[in-house]
Peer 1: 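Here it is: the structure, laid out below.
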Amino acid sequence: MTNGIFFLCVFAAKTGRKGLSHSGAHDRFPSMEKMKRTHACGELSLSQTEKEVILNGWVHRLRDYGGITFINLRDRSGVVQAVVESDAPAALRERAASLKFEYCVAVRGTVRARPESMRNPEMKTGDLEVKVFDLEILSTCETLPFMIDGESEAKEDARLRYRYLDLRTSAMQDRIRLRHETAFAAREYLVGRGFYEIETPTFIRSTPEGARDFLVPSRVQPGKFYALPQSPQLYKQLLMVSGFERYFQIARCYRDEDSRGDRQPEFTQIDLEMSFVSREDVFEVTEGMMRHIFKKVMKSDLAVPFRRLPYDEAMSRYGSDKPDLRFGLELKDFGAPAAKSDFQVFKTVLAAKGLVKALVAPGCGEYSRKQITDLEETAKTYGAKGLAWMKVTKEGRLEGGVAKFFEKIAAEVVADLAAKPGDLLLFVADKPRTACVALGAVRTRLGADLKLAKPGDFLFAWIVDFPLFEYNEEEKRWDPAHHLFSMPQEKYLDMLESDPGSVKADLYDLVCNGVELASGSIRIHDPKLQARVFAVIGITMAEAERRFGFLLEAFKYGPPPHGGIGIGFDRFITLLVGVATIREVIAFPKNTVGASAMDDCPSSVDEKQLKDLRLMVIEEEK
RNA sequence: GGGGGUGUAGCGAAGCUGGUUUAUCGCGCCGGCCUGUCAAGCCGGAGAUCGCGGGUUCAAGCCCCGUCACUCCCGCCA
């Protein structure tokens with residue numbers, strides 16, 4: 001009892017509000033019994049004129065004239081203007097005057113057309129208003145840390161600290177709604193195509209491949225740990241062995257790696273797997289789903305099938321395995337002219353089996369030294385030692401940068417690159433991959449600077465024929481390029497052991513506008529072939545048995561040929577909505593160090609909890 | 001692990017190469033006025049350890065060093 005009183009006093013002191021201003025809320029118990037809404041704010045129209053309606057929502061904006069008070073009332077559906085006029089009873093006028101931003105209220109009133117001159121064409125419900133004759137304050141709201149839908153947006157820190165308020169803004173409401181609609185459309189389509197939605201565990205065995213696992217300690221078996229799944233990969237393959245034939249899940253995935261704008265420690269995939277299929281079947285279903293989503297959510301027609309681009313071609317022409325194909329600006333091989341030039345740097349690289357790649361920046365001949373240096377920085381970030389350049393003059397001659405080494409073959413260079421007067425020529429010479437990737441980054445940068453991509457366009461493409469393995473320089477061994485269970489293409493089977501680097505797999509990515517949206521493969525279902533792949537990677541059967549024994553065992557019992565794909569749901573929504581980071585489309589995201597400012601996690605835990613788990617925290621030595 | 005950017009009232013910003021005393025503006029907040037607004041308006045008011053610590057200087061929001069937080073990128077992310 002004493003405690004209760006003390007608590008109330010503290011509360012009053014803390015809010016710093018005078019009790020009187022809240023009288024409206026306290027002298028009437030805020031019950032929904034008599035004030036349940038009959039309509040949604042944003043859906044009122046003149047067809048309800050003269051009708052009595054009850055609305056529930058939040059005080060979005062407030063304009064108090066003493067005698068007359070305008071309340072912009074907001075709910076999920078939108079905003080409508082409610083008016084408390086001077087002819088209202090004094091108690092109602094007082095209660096209206098006591099309102100503040102974001103009070104949660106119920107109003108009863110009649111819908112009426114606004115006089116012609118007082119209509120607001122900016123508002124969906126701007127032709128009407130609700131004349132209020134009853135107003136209930138359901139709950140009050142303290143001074144806000146930032147305005148909902150204010151003129152200036154709060155910084156992300158503050159938005160995440162008060163995420164529940166940030167989510168009230170129309171921008172966030174729209175994004176989260178679109179996310180929901182997309183998930184629904186995906187389900188609708190996949191269910192229609194015979195897929196079952198099946199959940200898989202979130203506590204699984206740790207299989208230390210790929211990203212770091214998040215671990216969950218077992219209390220019942222001290223010293224042992226579960227891992228959170230990086231994706232439902234193994235389980236969905238097991239579901240194929242089980243004979244479900246078509247599985248999907250909107251699945252949460254966890255990877256303990258450093259965050260980025262497009263990466264969170266936990267994220268969502270539309271994950272699917274199909275039996276008795278080739279990659280074409282996976283493409284067809286994915287394209288169909290994308291088309292369905294665009295129709296339902298974006299109200300637009302998406303052209304299918306998507307373009308196919310082999311990985312090697314993507315790297316060579318665009319310097320990226322996720323190129324933005326909304327613009328050309330392709331990289332060209334400059335090996336032949338470079339070999340004929342007097343430029344020793346290029347010739348040395350060529351002699352070492354490197355590549356010289358060229359990029360024609362149209363109309364950038366006037367770029368300043370500073371602008372070129374900026375481009376060079378971009379190339380260097382991706383491992384290039386430098387960015388060579390020269391300009392094509394109005395007369396079609398080469399000038400500046402490395403031009404002097406190409407004097408003799410100037411005409412050939414210009415013709416070879418199809419360069420025009422006023423263009424800037426850019427070159428990276430390096431190991432093949434570095435040359436492509438670094439100049440590819442310059443291409444991406446130029447595309448943005450020159451605004452070459454039309455916003456609002458969505459250009460999808462399948463990147464196909466990824467290599468099965470990539471060489472790990474540090475460890476001096478072959479690593480799986482994507483994952484361990486991807487199927488090598490049949491025509492490369494003979495060279496699996498003799499020339500692993502040349503083996504292409506039935507591995508594919510779906511890219512759109514320079515974003516990697518999805519990744520998948522046809523899986524190995526033949527234990528013998530799987531064993532060969534393990535051998536190339538250097539995994540002994542004993543080790544494979546230890547890590548994936550359950551999967552290998554399952555594959556002894558008549559596994560169907562199968563394959564699938566996982567679509568990065570957050571990235572997909574980010575793309576549809578056109579925002580910069582996936583945090584903008586996740587209701588409660590983590591920041592770049594994996595923390596949530598709202599609930600302050602991760603956090604320390606009680607000694608007791610640690611003891612139960614027989615865990616000990618070792619302080620870092622300084 | 002590495003590189004870049006940012007940090008000034010509750011929120012968003014300004015504060016030029018160090019020097020006008022009480023660090024400015026808009027929103028919000030508090031008080032008052034106001035019967036048709038819709039980013040309402042008008043009058044008055046409160047509110048800032050200039051992220052934190054140290055240093056240089058006669059003088060630091062501004063320069064230097066360190067540190068923390070947030071953010072973007074490289075590495076990493078089968």
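Residue numbers begin at 1 in each chain, while the letters A, B, ... track the order of the sequences.
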Peer 1: Say we look at B:U24 and B:A39: how far apart would their P atoms be, to the nearest angstrom?
Peer 2: 30 Å
Peer 1: Taking the P atom in each of B:U6 and B:G10, what is the distance between them to the nearest angstrom?
Peer 2: 23 Å
Peer 1: Select base, sugar-phosphate, or nothing to describe what A:R212 touches, counting heavy atoms under 4.0 Å on all strands.
Peer 2: nothing
Peer 1: Mind checking whether A:F548 and A:F485 have parallel, tilted or perpendicular rings, split at 30° and 60°?
Peer 2: perpendicular
Peer 1: Between A:E273 and A:K236 (salt bridge meaning N to carboxylate O under 4.0 Å), is one present in this structure?
Peer 2: yes
Peer 1: So what does A:A597 touch, heavy atoms closer than 4.0 Å: a base, only the sugar-phosphate, or nothing?
Peer 2: nothing
Peer 1: Which whole number of Å gives the distance between the P atom of B:C62 and that of B:G54?
Peer 2: 14 Å
Peer 1: Using a heavy-atom cut-off of under 4.0 Å over every strand shown, decide if A:R74 touches base, sugar-phosphate, or nothing.
Peer 2: nothing
Peer 1: Look at the side chain of A:E377 and the base of B:G4, then say whether one donor and one acceptor between them are separated by less than 3.5 Å.
Peer 2: no
Peer 1: Just the table, please: protein N/O against nucleotides 39-44 of chain B N/O, every pair under 3.5 Å.
Peer 2:
residue: B:A39; atom: N1; partner: A:E151; partner atom: OE1; Å: 3.0
residue: B:A39; atom: N3; partner: A:E151; partner atom: OE1; Å: 3.4
residue: B:A39; atom: N3; partner: A:E151; partner atom: OE2; Å: 3.1
residue: B:A40; atom: OP2; partner: A:R63; partner atom: NH1; Å: 3.3
residue: B:A40; atom: N9; partner: A:Y65; partner atom: OH; Å: 3.4
residue: B:A40; atom: N6; partner: A:D64; partner atom: O; Å: 3.2
residue: B:A40; atom: N3; partner: A:Y65; partner atom: OH; Å: 2.8

Peer 1: Specify the separation, in whole Å, of atom CE of A:M598 and atom C1' of B:C70.
Peer 2: 18 Å
Peer 1: Once you apply a heavy-atom cut-off of 4.0 Å, does A:S86 come out as touching a base, just sugar-phosphate, or nothing?
Peer 2: base
Peer 1: So for A:R255 and B:C77, does any side-chain atom that can act as donor or acceptor lie under 3.5 Å from a complementary atom in the base?
Peer 2: no
Peer 1: Keeping A:E257 on the side-chain end and A:R212 on the backbone end, is there a donor-acceptor pair under 3.5 Å?
Peer 2: yes
Peer 1: Please measure how far the C1' atom in B:A23 lies from the corresponding atom in B:C50, and state the result in whole Å.
Peer 2: 8 Å
Peer 1: Roughly how many Å is it from CG in A:D479 to C1' in B:C76, rounded to a whole number?
Peer 2: 13 Å
Peer 1: So how far is it from A:L73 CG to A:L55 CG, rounded to the nearest 0.5 Å?
Peer 2: 6.0 Å
Peer 1: Classify the side chain of A:R161 versus the base of B:C70 as yes if they form a donor-acceptor pair under 3.5 Å and no if they do not.
Peer 2: no
Peer 1: Kindly give the atom pairs (protein nitrogen or oxygen, nucleotide nitrogen or oxygen) under 3.5 Å for nucleotides 12-16 of chain B.
Peer 2:
residue: B:G12; atom: OP1; partner: A:K155; partner atom: N; Å: 2.7
residue: B:G12; atom: O4'; partner: A:S152; partner atom: OG; Å: 3.4

Peer 1: Nearest of B:C11, B:C72, B:G36 to any side-chain atom of A:F146?
Peer 2: B:C11
Peer 1: Taking the minimum atom-to-atom distance to the side chain of A:Y382, which one of B:U71, B:G36, B:C73 wins?
Peer 2: B:C73
Peer 1: Would you call A:D449-A:R445 a salt bridge at under 4.0 Å N-O?
Peer 2: yes
Peer 1: Determine the interatomic distance between P on B:C70 and the same-named atom on B:U8; round to the nearest Å.
Peer 2: 15 Å
Peer 1: Any chance you could measure A:L228, atom CG, to A:I204, atom CD1, to the nearest 0.5 Å?
Peer 2: 8.0 Å
Peer 1: Distance from A:T434 atom OG1 to A:K357 atom NZ, nearest 0.5 Å?
Peer 2: 13.0 Å
Peer 1: Just how far, in rounded Å, is C1' of B:C68 from CG of A:N591?
Peer 2: 14 Å
Peer 1: Taking atom types as they are modelled, is there a donor-acceptor pair under 3.5 Å from the base of B:G75 to the side chain of A:R260?
Peer 2: yes
Peer 1: Have a look at A:V83 and say if it touches a base, only the backbone sugar-phosphate, or nothing, with a 4.0 Å heavy-atom cut-off.
Peer 2: nothing
Peer 1: Is there a donor-acceptor contact under 3.5 Å from the side chain of A:N472 to the main chain of A:D479?
Peer 2: no
Peer 1: Give one of base, sugar-phosphate or nothing for A:M118, where a contact means two heavy atoms less than 4.0 Å apart.
Peer 2: base
Peer 1: Distance check needed: B:C77 C1' versus A:K322 NZ, whole Å only.
Peer 2: 12 Å
Peer 1: What is the distance from CG of A:D374 to P of B:G4, rounded to the nearest Å?
Peer 2: 15 Å
Peer 1: Kindly determine whether A:D599 and A:S596 satisfy side-chain hydrogen bond (donor to acceptor under 3.5 Å, both in side chains), including the steps that lead there.
Peer 2: CA-CA 6 Å; A:D599 53 359; A:S596 165; 2.5 Å; yes
Peer 1: Just the rounded figure in Å: distance from C1' of B:C27 to CE of A:M147.
Peer 2: 7 Å
Peer 1: When you compare B:G19 with B:G41, how far apart are their P atoms, in angstrom units rounded to a whole number?
Peer 2: 35 Å
Peer 1: According to the interplanar angle, ranging from 0 to 90°, do the rings of A:W478 and A:Y471 count as parallel (below 30°), tilted (30 to 60°) or perpendicular (above 60°)?
Peer 2: perpendicular
Peer 1: Identify whether any heavy atom of A:D258 sits under 4.0 Å from a base atom; if not, whether one sits that close to sugar-phosphate; answer base, sugar-phosphate or nothing.
Peer 2: base
Peer 1: Could you tell me how far B:G66 sits from B:C72 if I compare only their C1' atoms? Round to whole Å.
Peer 2: 23 Å
Peer 1: Does the base of B:U35 carry an N or O that pairs as donor and acceptor with the side chain of A:E85 under 3.5 Å?
Peer 2: no
Peer 1: Say you pick atom C1' in B:C52 and the same atom in B:G45; how far apart are they, in whole Å?
Peer 2: 32 Å
Peer 1: Would you indicate what A:T581 reaches in the nucleic acid, counting non-hydrogen atoms under 4.0 angstrom: base, sugar-phosphate, or nothing?
Peer 2: sugar-phosphate
Peer 1: Looking across every strand, which nucleic acid part, if any, lies under 4.0 Å from A:E102 by heavy atom: base, sugar-phosphate, or nothing?
Peer 2: nothing
Peer 1: Under a 4.5 Å cut-off applied to non-hydrogen side-chain atoms, are A:L517 and A:C512 in contact?
Peer 2: yes
Peer 1: Is there side-chain contact between A:P323 and A:I463, with at least one heavy-atom pair below 4.5 Å?
Peer 2: yes
Peer 1: Need one value for A:G261: base, sugar-phosphate or nothing, where a base atom within 4.0 Å counts as base even if backbone is also close, heavy atoms only.
Peer 2: sugar-phosphate
Peer 1: Is the phosphate of B:G3, meaning OP1 or OP2, less than 4.0 Å from a side-chain N or O of A:K380?
Peer 2: no
Peer 1: Heavy atoms under 4.0 Å, any strand shown: does A:S231 hit a base, just sugar-phosphate, or nothing?
Peer 2: base
